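These numbers were taken from a predicted model, which means no experiment stands behind them. A, B, ... follow the sequence lines: proteins, then strands. Residue 1 opens every chain.
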Amino acid sequence: MFENLTTRLGAVFDKLTRRGALSEGDVDTALREVRVALLEADVALPVVKDFLASVRDKAVGQDVLKSVTPGQMVIKVVHDHLVEMLGGASVPINLAANPPVPIFMVGLQGSGKTTTTAKLGLWLSQRQKKKVLMASLDVRRPAAQEQLAVLGVQASVATLSIVPGEPPVAIAKRAIQTGLLEAYDVVLLDSAGRLHIDDAMMAEAEAVHAAVQPIETLLVADAMTGQDAVNVAQSFHARLRLTGIVLTRVDGDARGGAALSMRSVTGCPIKLIGSGEKLDALEVFHPDRIAGRILGMGDVVSLVEKASETIEEEDAKRLAAKIEKGQFDLDDMAKQFRQMRKMGGLEGLLGMLPGVAKVKKQLAQANVDENMLKRHEAIISSMTKGERKRPEIIKASRRQRIASGSGTSVQEVNRLLKQFFETQKMMKRVTKLGQKGLMRAGLPGMGGGGRPPGFPMR
Amino acid sequence: MASDGEKRGFFGRLKAGLSRSSSRLTQGISGIFTGRKLDQAMLDELEELLIAADLGPATAATVAKEFGRTRFGKDIGETEVREALAEEIAKILAPVAVPLSIDPARKPHVVLVVGVNGTGKTTTIGKLAKQLRDEGRMVMLCAGDTFRAAAIEQLKIWGERTGAAVIAREPGSSAAGLVYDAMVEAKAKGADVLVIDTAGRLHNKADLMAELDKVIRVIRKLDPEAPHSTLLTLDATTGQNAHAQVEIFQKTAPITGLIVTKLDGTARGGVLVALADRFKMPVNAIGVGEGVDDLRPFDPKDFARGLMGLED
């Protein structure tokens, strides 16, 4: 559905001249595509318009560098401006006040406040060695207070005792009081999800805000939020003077345009992002990564991080040593297949790579999918240990046995072996040439390298 | 693209832009269509208003174009535009307005509820249980979200409120195992409906989707035709990612209908129009609040009129 912006702009500019400065016409054509990309990424329309207006000013008359095409030049300008608007450097949580420092978490229902509160509790207690107390002011949703209590136990962060029937403002005051008496550094106040147009609930939040005077009031918002993000952020900001935004579910595949919308209308920095269901999945916000995502250009950094998460470092070292000695065998290959599947399969991986929309399409046509990885694993599993170590001994009758053992055909076994030998050959070449050689040679099957030349890789 | 001469800062311009758009869609329309002929500029603005309601750029373009095809160059009043657009949108939505139907011959009729985290699965189940109980059915709920802290307690409270039995296990236990037990028990007790809650999951997490697949396989072991209804909850605040949610969830689960939640906010769930156009997926109900009675049938006319800001 969402086509890669690079591909789309590529198609537009293929017809245009490839040198010189960007003319107004070039830029306008390109910006129409950028507009659609931003809208598909859920950036709010007024923000899109203003964004495009300022990008247009910047892009017109820019010299197209020799190394790049006009399309890539426009993308670079757009990307850089996007990073700038998302707020260059990251802003840490402000704890500069007399303890206990009150932090107030607000947001719509289901945006992930309670989970984020627990994550932040863990973050502050582990990374910043703070003594943290958490309290849930959610007296509306059934079992919401229990939820925070359970998370508190999981995170080894203290939670305020639950008094049934106690109203939110009273809970907040009691939390601060407890924080003072028991010498906590930070008091995190989780609140009930509320609609920004629910006047009674917003008034309640204002009352809490007035009672505890939080140092940080963080809006917790879902990265999947659509055009309404501006209304939500604006309303919350108007009534509660937000100091920051936490973007949740960034581990989903939403392009996260809401980040730009909310940042723009409130001027508040995006301080943290939630990137998983586990309690340690909270990260500092990196504008450049989200920028790439909004533009549909993939997210190389996240890919690398995901890879390092999934692949055990020990394993990786062992594999590297093996490759160096030219001992890469079928066991290693099977391991790689498994890791690939763990990382979300081929499609998931390719989704994160810039400039591979075309490859992705080809893959879809060639029916290279999860199942193929599984079949390959099955084939390798049907081999004997000896065969896996020394695949060259696998001749006709062994192939037949492996095929029937894995429920595949001899052709498939042949194909896998061929692929293996090619990989092995390539790896030998790599060890000879070093890393640089790999880039020059290009990964086979990847259609000659991923990222567009000249595009900054961060 | 406003490249106005005065040197206002970015935020100044942004503010001006936003004060325009944050006022409701309808006010936008009245601004455009007071005593003018329908021309391209007006159509463009119209398209933008639809985009602002989350219809997505492609669908907004189609709807605006279709609208202009028959009325181009005509004098057109504000209410007429709204009415006509609402009609256009209702036309797209009409085929997907299908209420959830429970087959009384099945004992139990199995309803599986799936969706992304925080879209309102458990709350929807609570409301659904109430409706089914009011219809005099014997309802059992299965607390299949064994992952999120206190999700089980939350469903138990809904069970108490609505008089539905809740089948649950320890937090952290296998969802598939629990679902098996629930199926057995619901059959033994002759329940009319078994509603199965599941943990929220992002559709791009292969392992979590595999877990869902396993739950469905287990259900089918005991009743090859179950789940008879599989509902996907969609948060109305969600933007274009709803496409990916529907597309990928239906690869794993036999989604039979959508429940659009949180429509009581300012988000109008316009992405539904695009979804109806693309997937033809039935919309079984909508959620308009946290109360037990806040699950309503999906009425395409009302929804389209709401989208256009028309009173009922």
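For chain B, no part of A:Leu148 is nearby; none of its heavy atoms comes within less than 4.5 Å. Only the side chain of B:Ile157 comes within less than 4.5 Å of a heavy atom of chain A; its backbone N, CA, C and O stay farther away. Using a 4.5 Å cut-off between heavy atoms, B:Gln154 contacts chain A through both its backbone and its side chain. For chain A, the nearby part of B:Leu208 is the side chain; its heavy atoms alone come within less than 4.5 Å. Contacts of B:Ile152 with chain A are absent, with no heavy-atom separation under 4.5 Å from either backbone or side chain. Contacts of A:Leu39 with chain B are made by both backbone and side-chain atoms, with heavy-atom separations under 4.5 Å.
Of the options B:Thr238, B:Thr266, B:Thr237, a side chain to side chain donor-acceptor pair (under 3.5 Å) to A:Asp228 is made by B:Thr266 and by none of the others.
A distance of 7.5 Å separates OG1 of A:Thr115 from CZ of B:Arg148, quoted to the nearest 0.5 Å. Between B:Lys205 atom NZ and A:Glu277 atom CD the span is 6.5 Å, to the nearest 0.5 Å. Atoms CG and CG, from A:Asp198 and B:Asp264 in turn, are 8.5 Å apart once rounded to the nearest 0.5 Å.
The closest side-chain heavy-atom distance from A:Gln109 to B:Thr261 is not below 4.5 Å. The side-chain heavy atoms of A:Asp222 and B:Val116, taken from C-beta on, include no pair separated by under 4.5 Å. At least one side-chain heavy atom of B:Glu48 sits less than 4.5 Å from a side-chain heavy atom of A:Lys49. B:Glu153 places none of its side-chain heavy atoms less than 4.5 Å from the side chain of A:Pro142.
Pairing each heavy atom of A:Leu195 with each of B:Gly265, the nearest pair is CD2-CA, 3.6 Å. Contact between B:Ala150 and A:Ala143 at its shortest, heavy atoms only, is CB-O, 3.4 Å.
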Go through A:Asp42 and B:Asn241 one step at a time and tell me if the side chain to side chain donor-acceptor pair (under 3.5 Å) criterion holds.
-> CA-CA 8 Å; A:Asp42 289 322; B:Asn241 190 246; over 6 Å; no

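Chain A forms the most heavy-atom pairs under 4.5 Å with one residue out of B:Gly56, B:Ala151, B:Gly118, and that residue is B:Gly118. Considering only heavy-atom pairs separated by less than 4.5 Å from chain A, the leading option among B:His203, B:Lys156, B:Gln245 is B:His203. Contacts with chain B were tallied for A:Leu45, A:Leu108, A:Val150; A:Leu45 has the most, counting heavy-atom pairs under 4.5 Å.
Classification of A:Arg140 and B:Glu290 as a salt-bridged pair holds, one side-chain N sitting under 4.0 Å from a carboxylate O.
Formation of a donor-acceptor pair under 3.5 Å by the A:Arg249 side chain with backbone atoms of B:Asn117 is found in this model. Judged purely by atom type and a 3.5 angstrom limit, B:Asp54 uses its side chain to pair as donor or acceptor with the backbone of A:Gln227.
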